[in-house]
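In what follows, a single structure is set out as structure tokens and then discussed.
Remember, it's 1-based here, ligands and their atoms both numbered in the order they're listed.
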Amino acid sequence: MMNSEARVADPKDWIKGATGDWEIVIGMEVHAQVLSKSKLFSGASAEFGGEPNDHVSFVDAAMPGMLPVINEYCVAQAVRTGVGLKAKINRRSVFDRKNYFYPDLPQGYQISQYKQPIVGEGTVTIDLEGGRQVDVGIERLHLEQDAGKSLHDQHPDMSFVDLNRSGVALMEIVSKPDMRSADEAKAYVSKLRQIMRYLGTCDGNMEQGSLRADINVSVRRPGAGFGTRCEIKNVNSIRFMGQAIEYEARRQIDVLEEGGTIDQETRLFDARKGETRSMRSKEEAHDYRYFPDPDLLPLDLEESWIAEIERDIPELPDAKKARLMQAYGLSAYDAGVLVAERASAEFFESVARGRDGKLAANWLINELFGRLNKEGKAIEESPVSAGQLGEIIDLIQAGTISGKMGKDVFEIVWAEGGSPAAVVEARGMKQMTDTGAIEAAVDAIIAANPDKVAQVKAKPTMLGWFVGQVMKSTGGKANPQSVNDILKIKLGI
Ligand code: ADP
Ligand code: MG
């Protein structure tokens with residue numbers, strides 16, 4: 001991979017300042033909550049929600065003398081994620097205490113990993129508009145505990161603490177400063193989220209805070225050395241990330257162009273005002289007095305245990321996309337839409353197997369996804385199953401129904417269920433393929449409209465009107481192509 005500093009932004013992403021062009025440099029620290037039933041060092045539930053302090057063990061509340069016990073499943077989840085990021089899995093890692101005071105941190109320190117994280121360098125390939133791809137370097141992934149939450153809005157003159165989150169396992173994924181625009185940063189978080197959802201290691205639910213990012217932003221003259229960065233803390237929506245980066249880059253450019261300097265600091269994004277503001281000057285690692293946690297042994301992983309995890313890694317989005325393009329002749333765009341979620345790719349393949357892949361993709365993308373979206377349903381909740389959709393496509397391909405009627409059948413099956421073939425049979429929706437019957441319908445329309453017949457010779461675009469009339473008189477059952485052909489012959493055009 002290219003040296004981070006050497007990567008220059010696409011000139012279309014340069015920002016015009018009063019004194020010339022600038023580019024944005026972005027590195028992210030993403031906090032992803034590990035998908036696990038219990039916490040990193042205790043058996044308390046890691047489930048979201050619950051009454052305040054319902055999911056708290058003595059360890060999470062930091063009662064004196066309580067000892068942490070590592071949750072093997074959380075370790076496996078971190079390794080799985082590391083494999084998904086094509087990263088180096090470290091056979092030995094160490095848990096350190098990161099010391100700081102906060103009312104929602106009863107231990108007085110967070111157990112994290114510092115010098116020896118569980119996962120080392122890796123790569124995430126991001127997908128940008130126009131099919132452009134960029135590799136973003138991963139610096140490391142480490143495991144750490146989440147903190148609790150102070151509640152300031154429950155009582156006029158008291159604050160409370162809710163320790164349900166205290167001790168929940170987080171993966172902190174640190175990127176290299178390889179991103180050069182808000183769009184690249186947004187694509188990076190989306191891709192990370194997608195990979196972790198495929199792996200089942202983080203649910204990616206940003207509203208519930210399962211995925212949030214600290215965004216480091218600096219600006220420089222295109223291709224120059226890196227500038228001083230500011231860190232925007234805890235942004236939990238992809239849209240806000242884009243807004244925060246654009247605001248922050250503009251602010252830094254204005255300061256620099258007026259002859260000022262950037263102070264390395266921690267900032268907050270105010271979504272209501274769409275701006276970032278200073279929170280505190282940047283803390284340094286030595287402020288935390290990191291040292292190995294004496295309650296925990298170094299984590300030594302066996303090669304065979306890692307290999308077992310690697311064997312069980314599912315097909316990931318990039319590989320799936322390439323395979324769908326190859327196996328079903330799909331465009332990069334269509335394949336990209338279908339692999340956005342693992343479940344939709346799987347639904348697609350059960351429909352497409354043994355059928356026309358392009359047709360199946362069109363049905364999913366244009367009909368099914370649109371319909372699901374409208375009702376706020378996930379693909380797992382689709383009232384039309386893959387089997388039913390496949391049957392509708394078969395009926396169209398066999399010429400039993402037209403494509404348009406296929407959509408009507410889809411609607412009926414969506415609302416009432418049942419076998420598409422039975423719906424077509426019961427409602428007499430079969431397409432009229434008997435040319436004799438179509439001819440009769442055409443003759444009737446021609447006979448009833450001598451004035452239009454006279455006009456159509458001079459104005460062939462009127463043919464559409466005739467097609468419409470025949471379709472209407474046959475209740476939409478005539479094959480539109482046959483109607484067209486027969487009309488042309490009979491009208492002599
Ligand atoms: P800290 O914990 O002090 O924030 P880390 O090294 O863990 O430091 O994380 C630094 C983050 O800042 C990384 O994501 C890195 O890519 C990013 N970064 C480093 N230098 C720059 C820079 N000049 N501009 C933007 N981001 C940067
Ligand atoms: Mg940081």
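Around atom 13 (C) of ligand 1, the closest heavy atom drawn from Ser175, Ser4, Gly27 belongs to Ser175.
Ligand 1 has an N or O atom lying under 3.5 Å from an N or O atom of Gly227, backbone or side chain. Inclusion of Glu172 in the set of residues having an N or O under 3.5 Å from an N or O of ligand 1 is not warranted. Note: an N/O pair closer than 3.5 Å links Pro177 and ligand 1 by distance alone.
Taking every heavy atom of Lys176 and a limit of under 4.0 angstrom, the matching atoms of ligand 1 come to 16 (O). Applying the 4.0 Å criterion to heavy atoms of Val25 picks out, from ligand 1, the atoms 24 (N), 25 (C). Of all atoms in ligand 1, listed by their number and element, those nearer than 4.0 Å to a heavy atom of Glu29 are 1 (P), 2 (O), 4 (O), 7 (O), 9 (O), 11 (C). Residue Phe226 has at least one heavy-atom neighbour below 4.0 Å for each of these atoms of ligand 1: 23 (N). Counting the atoms of ligand 1 from 1 in the order shown, those under 4.0 Å from a heavy atom of Glu231 are 4 (O). Of all the atoms in ligand 1, the ones that sit under 4.0 Å from a non-hydrogen atom of Met28 are 14 (O).
Residues satisfying the ring-ring contact (aromatic ring centres under 6.0 Å, His included) test with Tyr328, not counting sequence neighbours, are Phe348. With sequence neighbours excluded, no residue forms a ring-ring contact (aromatic ring centres under 6.0 Å, His included) with Tyr109.
Formation of a donor-acceptor pair under 3.5 Å by the Asn90 side chain with backbone atoms of Arg92 is not found in this model. The main-chain N or O of Glu265 is never found under 3.5 Å from a side-chain atom of Ser281 such that the two would form a donor-acceptor pair.
Other residues, nucleotides and ligands contribute more than 12 heavy atoms inside 6.0 Å of the CZ atom of Phe226.
Under 4.0 Å from ligand 1, the heavy atoms of Val174 that appear belong solely to its side chain.
Side-chain atoms of Glu257 and Trp22 form a donor-acceptor pair, as typed in the model, at a separation below 3.5 Å.
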Can you list the steps and then say if Glu72 with Trp305 is a side-chain hydrogen bond (donor to acceptor under 3.5 Å, both in side chains)?
-> CA-CA 11 Å; Glu72 179 179 332; Trp305 187 77; 3.3 Å; yes
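Residues Asp293 and Asp96 have side chains not in contact (no heavy-atom distance under 4.5 Å, counting atoms from C-beta outward).
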